[in-house]
Each structure stands twice: as C-alpha cells, then as structure tokens.
**Q** 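Have a look at the structure that comes next, please.
Hydrogens, waters and symmetry mates play no part in the numbers below; they use all other heavy atoms, side chains included.
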Amino acid sequence: MSMRQRGGHFLTEEEKKAAPKVTKELILRVLSYMKPYRVQFVIVFIAIIISSFLGIYPSILTGKIIDEGLIGRSMPKLITFIMLSLGVTVGANLIGVLESYMNTWIAQHITFDMRNQMYEHLSRMSTRFFMESHQGDIITRMTSDIDGVRQVIVNTFTSILSNSITLVIALIAMFRMNWFFAVLALVIVPLFALPARSAGQKRWQLTRESQECNDQINSILNETLSVSGQLLVKLFGMEDFEIRRYKRFNKKMTQLNIRESMAGRWFRVVISSISSVGPMLLYLSGGILMMKYDRNITVGDITVLVSLLSRMYGPVNSLLNIQTDWIRAMAMFTRIFSYFDMKPEIENAPDALKPDHADGDIEFRNVSFRYNEEKMILKDISFRLEHGRSIAIVGPSGSGKSTTVNLIPRLYDVTDGEVLFDGNDVRKLDLAWLRSQIGIVTQDTYLFNGTIRENLMYANIKASEEDMMEACRKANIHDFIIKQENGYDTQVGNRGLKLSGGEKQRISIARVLLKDPSVMIFDEATASLDSISEKAIQDAIDPLVTSRTSILIAHRLSTILAADEILVIKDGVIAERGTHEQLVNAGGVYTELYDTQFKPELHEKKEGNPC
Ligand code: ADP
C-alpha cells in the first residue's frame, strides 16, 4: 500500500508520538544518498522552474487576449496570443514529461542503491539479530520502507519544490500587476484553504475508523469461516453468538460508510465554494476599484488576477499538508538508518588469520556463554577434540548441547573463555574460512525451492558431477535420487516439502560432504525419524565419523557408540565424560539417560519396531 493511501494527509496518534527529531545529521545523511545524482537533480530543478513558469504564463496571456484581442478588437493579436498560450501549455507539458522521467530515474536509482546496501548489511547480521527480530519487520524495511523513499523523492520533494515555485511566481506576477490584489489574494487563499483542511481531517478519521472496523470483520470471517474455525464454532454451539457478533460489526460498518461518504460530500461542497467565492470576491473588489477609483485597471487585469488566484489554491493546499508528508518521510528514513546503524555482532577481526591448511582440532577452554543477561547457559566448559577423533554430546533437552556447537563456527561468541580451532582462538580466524571448515547437519534441514542438484551445489559451486554423486553415495541417497523421474534435476518443492524427513536429511548430509569440511557436526541428525530412515542415515554417518573429526549431538545409543568419547552435559556444565563402558555403570546422569532413553531403544530394536 502506498504511503499516501496509507497515510492520507493527517498523522495518526502513533505517528505524532514517533515523529523523529530532525537533526542536521539526519538531513545530511538523506542528502548523501542523493549526492551521486546531483546533476540529475539540477536538471529536475531547472525543469520544475521552467514548467512552473510556463504553467502560470497562460493566465497572464488571458489578460492580453481579453484586453488587446477582444476589447481592442484586433484579430491578429487575438490569434497570436491564443497560439502563444497553446504553445506555452504544450511546452510546459513536454518539460513536465522530462521532469517526471528524470524524477523517476533518480528515485529508482536511489532506492536501487539503498536496497543493495540494506540486503548486504542484513546478510552480514549475526544469528542473534534474526532470532530476535520479527521476520515481517525485516521484510517491511526491505520493501515498504524503501519503496516509501521512492515516493518521497517522486512526490514530496518535487511537490514542495514545484508548489513553492508556482506560488512565488504567481505572487510576483500579481504584485507586478497590482499590489492591492496581491495582498488580497494573500489573505483570501489561506482563509479558504484552511476549512478544506479540517473537512479533510474529519473524513480521514472516518476512513480510519471504517478501516479498523473492516479489519475486525475480516478477522471474524477468517476465524469463523475457515474449516477448523467452523468446526470449533459447531462443536461449542457458538453459531448464534457468532451471528450476533457479525451483525453488530456489519451494522457499525454500514453506518460508518454512510457517514464517510457524507463527509466526502461536505468536503466537496467546501471545496467548490472556495473555488467560487474567492474569484467572486476578486471580481467584486476589482470591479469597485476599476469603476470608482482606478481607471487604469482593465477587465483583462482582473481576469488575470482571478486566474492566478485559482492557480494558487492547489499549491497552498499541498504546502499546508507538507508537514505531514515531511514527518512521515523523516520517520521512514530514521527507521531505515537505524537498521543501517546496527553493527553485526560478529565480525572479522581486522588482521584475521587464514591458514593454508586445517586439521580440525577443536578445544574449548573454560567456556561460559549466555544469550542474554538472564541466565548463564554454558558454565566453564572445557574439552578437546583432536584431529580425526569424534565426540558425542549427550544430555537432557535444553542442557546446552546445540549452544555448545554453535560457538564453533561463531554463530555466537563466547561470554568467557576461548574456543580454539587448530590452536587459534576462533575470533582471530577469518570468519568465512572458519565456517568453510565446519559442516553442520541439523535436525530441521533447510532446502531451497529448486532442484536437488541446485541444493547440493550450494555447498560448492565448483564441484564436479562426479564429486556430487560421490557425496550422495556416501550420504546413502544417490540410489534414491536416480530413481526419481528427473534424477538430480528433480524439484524439491517449497523448503523440500516434496521429500520425506529422512530424504531431506540425507541430501543435507551430502551437501555438507560436498563442502568437504575438516570438522563435521551432527546435531541430533536422526531425531524424529522412523527407524528405517534412521538406519539409512546412520549408515551414512558411521563411516564419516570414523574418517573425520566429528561432533555428534546424539540421543540414540547407536550414534553415541560410534564416538570415541562421550560428554554428558547437564544444566550447562560437563557432568560426566568417558566411554560408554566407563559411564554406564557410574550411576550418574548417563546411567539415568541410559535407563530411560537408550535401554528402551535397545528393546525396541530387539522386538522389532511395529512401524
Ligand atoms: P539442547 O541443544 O541441549 O537441547 P540448547 O543449546 O538448544 O539445548 O539450549 C540451551 C538453553 O538455551 C535452553 O534453556 C534454551 O531455552 C536457551 N536458548 C537456546 N537458544 C536461545 C536463544 N537464541 N536465545 C535465548 N535462549 C536460548
């Protein structure tokens, strides 16, 4: 919805409250976006001056048509002035075309720059930013707000400029003809423009009320006429209640609509009265002046003055509303800039290291971490994972397992302590390099809407066809893919919805393999899958675990047993560590997990899973 449609000419209470402080910095910052296009702006400026002048000129020519052509009874003069007037009007319109082309061009280029800058900036923001902001807000900033900028440039700025210029030219022309009329016009115009403004305000209020009422009606319809909504209404016997509620809102809406259209009617009455009363006053006072006091005043002069006067209403009306547009525009710029000002929490160190070779040796040294001030999530975690070995992290849900692994590729930075990769603090390593060394397979895999091939190649666009198939063979998914009608070119559907959880999971394992990282992290990769899918994934993971440095966040015994060491995390601390044999009879958290979670799993396997 455009800013004008949304806003009308009046500010809402929230907008008034949120009106930004317009500082010199803000204005300079807005101007900095226009600076690359200053030549084009100068062209627009000149075009506006010329077209405003040419727009007023026919009014002045009207005087000559009447005095010298009609009253002076001169055919050649009449025709000359008429032709001139027509020519000037055509000229003004042609320049208007140039002006709006340049205008649109500038606005599109400025928003093009802003969109690119915003997308780049947002892409570099940290995980926390995306976790904590509403997705809708981000999209609104990218779309509506930036589109608002375009409108501000096309409408607000040019309207301020062209209206002020028209007004000044009209006033100069009036003063040059007769100072008395000019002063009279200065009094009359605002006097009549103001009531029009308050009539508009009333109408705007009613429009807003009816919009709100309409929103409520829509939500009632959405809630009660959907399949599940209808079911709820029926099961609770609420039909009569809902019918009464609907009728009440429907009645309110009808009344509001009637009032709104009548307010519009009054608005038009006021507007048309203004446009007729003003000129009448000028005819009257001009007539009195001409007949009684000043014989030099001609009929043409009075006509010109009336015509100039009527040309002033529009600009005055717009300029009276400029404040609203201005505040709204500044609020929008402030919102956009506040996004630009957010610093990505995690950035590359100035002299970041980019080693030629990676072993994938990971060490946590007294790591503590909290997401926010409230609660320490990880407390003094220390462990080392040597090149080529594997660790399983187990523990109750919410104990901090995913948080631990997220610190390795720096999705978040530690609050205290250090995470080392090949002996270097991860904060000192080049971020892109570090992330290229780590492959994570999470439980909820995300596939883009595209083909299987596109999704796989996302990890490594340089990979060959053979590499891709090899990765899929290792991930136990190649046979499935080639059985599909289009093989590797099969569409996965929106977010991979056309595939089962297990298939998606294996594709995502293949994707990580194609990236060929030195460390693999599996975050409960086999949770929430049936046992057949789980087996297929397990078969894919097991050889990987033995051949690469890996961390497995696991809650299935089979996964845990594949690891060299087990870390048991509870409430953010390492409660126990060791091998399965060492831990199972220790009588601690692991024993408890074993009894409640792993043992039933063993039974299930022995007895055969009914699914
Ligand atoms: P696990 O993987 O062991 O189930 P997590 O590492 O996901 O546990 O979560 C550990 C704790 O951190 C939980 O209490 C969870 O509520 C909290 N937590 C997880 N992610 C966030 C986040 N983005 N912001 C704030 N708290 C979080």
Side-chain angles (χ1 to χ4, degrees), residues 46-99 162-193 195-196 268-319:
I46 296 172
I48 289 178
I49 295 182
I50 298 176
S51 73
S52 307
F53 181 74
L54 294 184
I56 291 278
Y57 199 60
S59 301
I60 294 165
L61 282 176
T62 318
K64 295 198 182 295
I65 290 175
I66 291 172
D67 285 342
E68 297 174 32
L70 297 176
I71 298 177
R73 293 183 173 267
S74 159
M75 208 52 183
K77 278 191 175 170
L78 183 66
I79 290 176
T80 312
F81 290 134
I82 288 176
M83 295 306 284
L84 196 59
S85 181
L86 285 177
V88 165
T89 312
V90 172
N93 284 329
L94 288 180
I95 291 178
V97 174
L98 171 77
E99 182 214 312
S162 76
N163 287 323
S164 322
I165 294 171
T166 306
L167 215 58
V168 169
I169 295 176
L171 274 174
I172 292 175
M174 273 186 162
F175 269 107
R176 282 189 51 164
M177 290 184 68
N178 189 304
W179 66 266
F180 174 76
F181 284 118
V183 171
L184 198 64
L186 273 180
V187 177
I188 291 176
V189 173
L191 213 65
F192 287 99
R268 284 197 291 280
V269 169
V270 173
I271 290 286
S272 64
S273 311
I274 295 163
S275 21
S276 53
V277 173
M280 291 310 140
L281 267 179
L282 267 192
Y283 280 129
L284 182 64
S285 48
I288 294 171
L289 212 63
M290 183 175 83
M291 286 177 227
K292 300 229 159 160
Y293 302 100
D294 188 349
R295 298 206 171 270
N296 288 332
I297 293 177
T298 63
V299 177
D301 288 345
I302 296 174
T303 321
V304 171
L305 289 165
V306 169
S307 163
L308 285 176
L309 181 82
S310 53
R311 283 199 161 266
M312 284 161 79
Y313 286 126
V316 168
N317 231 328
S318 298
L319 288 175

**Q** Closest approach of L54 and A92, non-hydrogen atoms and distance?
**A**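 L54 and A92 have their closest heavy atoms at CB-CB, 3.6 Å.
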**Q** Show your working on side-chain contact (heavy atoms from CB on, under 4.5 Å) between F81 and T62 and close with a plain yes or no.
**A** CA-CA 8 Å; F81 290 134; T62 318; over 6 Å; no
**Q** As an exercise, state the distance from CG of L167 to CZ of R311, rounded to the nearest 0.5 Å.
**A**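 With rounding to 0.5 Å, CG (L167) is 12.5 Å from CZ (R311).
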**Q** Distance-only, no hydrogens or angles: does the D67 side chain make a donor-acceptor pair with backbone N or O of G300 under 3.5 Å?
**A**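 At least one qualifying donor-acceptor pair exists.
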**Q** Taking all heavy atoms of S318 and all of N163, pick out the closest pair and write down the distance.
**A**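 Closest heavy-atom pair between S318 and N163: CB-ND2, 3.1 Å.
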**Q** I'd like to know whether CZ of F175 has more than 12 heavy-atom contacts from other residues, nucleotides or ligands below 6.0 angstrom.
**A**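 It does: F175 CZ has more than 12 such atoms within range.
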**Q** If you measure from CG on N178 to CG on L289, what distance do you get to the nearest 0.5 Å?
**A**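 It is 6.5 Å, given to the nearest 0.5 Å.
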**Q** State, yes or no, whether a side-chain contact exists between N93 and T89 at a heavy-atom distance under 4.5 Å.
**A**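 Yes, at least one pair of side-chain atoms sits under 4.5 Å.
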**Q** Roughly how far, to the nearest 0.5 Å, is CD1 of I56 from CE of M174?
**A**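 It comes to 9.0 Å.
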**Q** Just by modelled atom types, is the S162 backbone N or O under 3.5 Å from a matching donor or acceptor in the T166 side chain?
**A**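 Present.
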**Q** Rounded to the nearest 0.5 Å, what separates atom CD in E68 from atom CG in L78?
**A**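 So the gap between those two atoms works out to 11.0 Å.
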**Q** Kindly determine whether D301 and T298 satisfy side-chain contact (heavy atoms from CB on, under 4.5 Å), including the steps that lead there.
**A** CA-CA 5 Å; D301 288 345; T298 63; 3.1 Å; yes
**Q** Are the side chains of L282 and I302 in touch, meaning some heavy atoms are under 4.5 Å apart?
**A**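 They are not in side-chain contact.
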**Q** Answer whether the closest heavy-atom distance between the side chains of K64 and V304 falls below 4.5 Å.
**A**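 Counting from C-beta outward, K64 and V304 never come under 4.5 Å.
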**Q** Check the pair M312 / L171 against side-chain contact (heavy atoms from CB on, under 4.5 Å), numbers first and verdict last.
**A** CA-CA 9 Å; M312 284 161 79; L171 274 174; 3.8 Å; yes
**Q** Do I50 and E99 come close enough that some side-chain heavy atom pair is under 4.5 Å?
**A**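 They are not in side-chain contact.
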**Q** Mind checking the CD1-CG spacing from I82 to L61? Nearest 0.5 Å is all I need.
**A**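 I82 atom CD1 to L61 atom CG measures 10.5 Å (nearest 0.5 Å).
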**Q** Mind running side-chain contact (heavy atoms from CB on, under 4.5 Å) on L94 and L98 for me, showing each step along the way?
**A** CA-CA 7 Å; L94 288 180; L98 171 77; over 6 Å; no
**Q** On a heavy-atom basis, which atom in V306 and which in P279 lie closest, and how many Å separate them?
**A**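 The answer is CG1-CB, 3.6 Å.
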**Q** Taking the side chain as every heavy atom from C-beta outward, state whether I297 and F181 have any pair of such atoms under 4.5 Å apart.
**A**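 The answer is yes, as the side chains (C-beta and beyond) meet within the 4.5 Å cut-off.
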**Q** What's the separation between atom CD1 in I169 and atom CD1 in I60, rounded to the nearest 0.5 Å?
**A**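 Rounded to the nearest 0.5 Å, the CD1-CD1 separation comes to 9.0 Å.
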